[in-house]
Amino acid sequence: MCYSNTKSRAWTGSQVNGSTPSGCASVTCKTCSGSACNYVAYSNSAGTGDGTIKGGCSSNSASCTKTPKTVTASTDHYVSGTSCPTCPTGYPNSDGGNIGQSMCYKTCEDIDITGGTNVPTSGTAYYPASCTYTTVCDDGYNLTGTNTCSQLCTLGVTSLRTGNGVTIPLYSSALSTPSLNIGTGGVCYGILESGAGTLNIQYDGKTYHVID
């Protein structure tokens with residue numbers, strides 16, 4: 001028998017797929033392999049027998065687990081490297097697939113306000129953008145320069161037209177100063193700044209001029 005201290009046997013194990021990472025819909029894996037088994041053994045006089053492994057390693061045929069190479073995300077998740085985190089707080093939704101965090105989104109809904117509704121310009125907002133709105137006023141209300149819906153005058157007169165053709169809405173309450181108070185069995189209020197010029201008021205046969 002001949003003693004050998006340098007025997008080596010190539011790895012002959014099999015590749016095993018690992019589990020799909022949490023939050024991922026699918027995974028493709030890298031190939032894997034084990035190292036050769038170096039061991040101490042005895043051989044026969046012809047040098048063709050390996051004999052019994054005496055040390056160095058226990059096996060050259062153990063399986064190896066393949067690691068993820070690429071992934072796709074499940075619904076409400078996104079891809080980050082080879083993992084699939086949950087979409088961030090406030091943007092809980094996604095359609096899944098090969099997407100990044102910027103494809104997580106939230107639903108934009110109508111917001112009731114006094115005299116109207118803030119209506120979203122889009123049904124969704126993608127991370128990290130905010131929902132954007134346009135204001136729609138109810139009947140009997142008008143959108144002011146401060147983007148609020150204010151109630152128009154309920155005394156039968158809802159606007160005045162100035163000498164230069166500018167229309168001034170009249171409201172049930174004063175919105176700013178200076179304001180124009182019109183008495184018609186009550187009081188209506190106009191925002192004088194919106195007149196943009198000379199306002200001519202005729203009363204009792206006389207014309208009064210108010211300059212903005």
Side-chain angles (χ1 to χ4, degrees), residues 4-41 50 52-151 175:
S4 173
N5 194 38
T6 58
K7 298 296 290 185
S8 178
R9 183 180 290 124
W11 178 77
T12 59
S14 59
Q15 300 182 32
V16 178
N17 287 325
S19 59
T20 301
S22 175
C24 295
S26 66
V27 59
T28 60
C29 292
K30 303 174 184 178
T31 58
C32 66
S33 64
S35 59
C37 181
N38 296 314
Y39 62 99
V40 176
D50 286 336
T52 303
I53 294 175
K54 299 298 184 181
C57 60
S58 60
S59 173
N60 73 322
S61 59
S63 297
C64 72
T65 301
K66 295 190 287 186
T67 58
K69 180 179 181 181
T70 60
V71 295
T72 61
S74 300
T75 302
D76 302 335
H77 295 74
Y78 65 96
V79 174
S80 177
T82 55
S83 65
C84 301
T86 303
C87 283
T89 301
Y91 298 82
N93 308 120
S94 83
D95 296 331
N98 185 21
I99 61 168
Q101 190 180 50
S102 63
M103 294 304 292
C104 292
Y105 63 89
K106 61 182 175 181
T107 301
C108 301
E109 299 178 340
D110 291 357
I111 300 175
D112 291 332
I113 60 173
T114 300
T117 306
N118 283 335
V119 179
T121 57
S122 174
T124 55
Y126 289 87
Y127 180 86
S130 300
C131 296
T132 56
Y133 296 88
T134 183
T135 300
V136 178
C137 295
D138 296 337
D139 290 342
Y141 289 79
N142 189 63
L143 186 65
T144 69
T146 57
N147 208 40
T148 58
C149 293
S150 295
Q151 187 175 22
L175 302 178

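Predicted model only: the values in this text are computed from it and were never measured.
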Item to complete: With sequence neighbours left out, write down each residue that passes side chain to side chain contact (heavy atoms under 4.5 Å, CB included) with S83, or none if nothing qualifies.
Response: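 So S83 forms a side chain to side chain contact (heavy atoms under 4.5 Å, CB included) with S80, P85.
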Sorted by chain and residue number, the side chain to side chain contact (heavy atoms under 4.5 Å, CB included) partners of A36 (sequence neighbours excluded) come out as S8
Applying side-chain hydrogen bond (donor to acceptor under 3.5 Å, both in side chains), can you list everything that pairs with [X], at least two apart in sequence or on another chain?
| X | result |
| --- | --- |
| T72 | S26 |
| T82 | none |
| T117 | none |
| S63 | S14 |

Do [X] side-chain atoms and [Y] backbone N/O form a donor-acceptor pair below 3.5 Å?
| X | Y | result |
| --- | --- | --- |
| N60 | A10 | yes |
| Y91 | A129 | yes |
| T134 | V119 | no |

Inter-residue atom distance [X].[atom1] - [Y].[atom2], 0.5 Å rounding:
| X | Y | atom1 | atom2 | answer |
| --- | --- | --- | --- | --- |
| E109 | Y133 | CD | OH | 8.0 Å |
| H77 | N93 | NE2 | CG | 11.5 Å |
| M103 | S94 | CE | OG | 8.5 Å |

- prompt: For the side chain to side chain donor-acceptor pair (under 3.5 Å) test, which of D112, D110, T135 pairs with N118?
  reply: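 Testing each of D112, D110, T135 against N118, the sole residue satisfying side chain to side chain donor-acceptor pair (under 3.5 Å) is T135.
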Q) Does a side-chain heavy-atom distance below 4.5 Å link Q15 with T31? A) yes
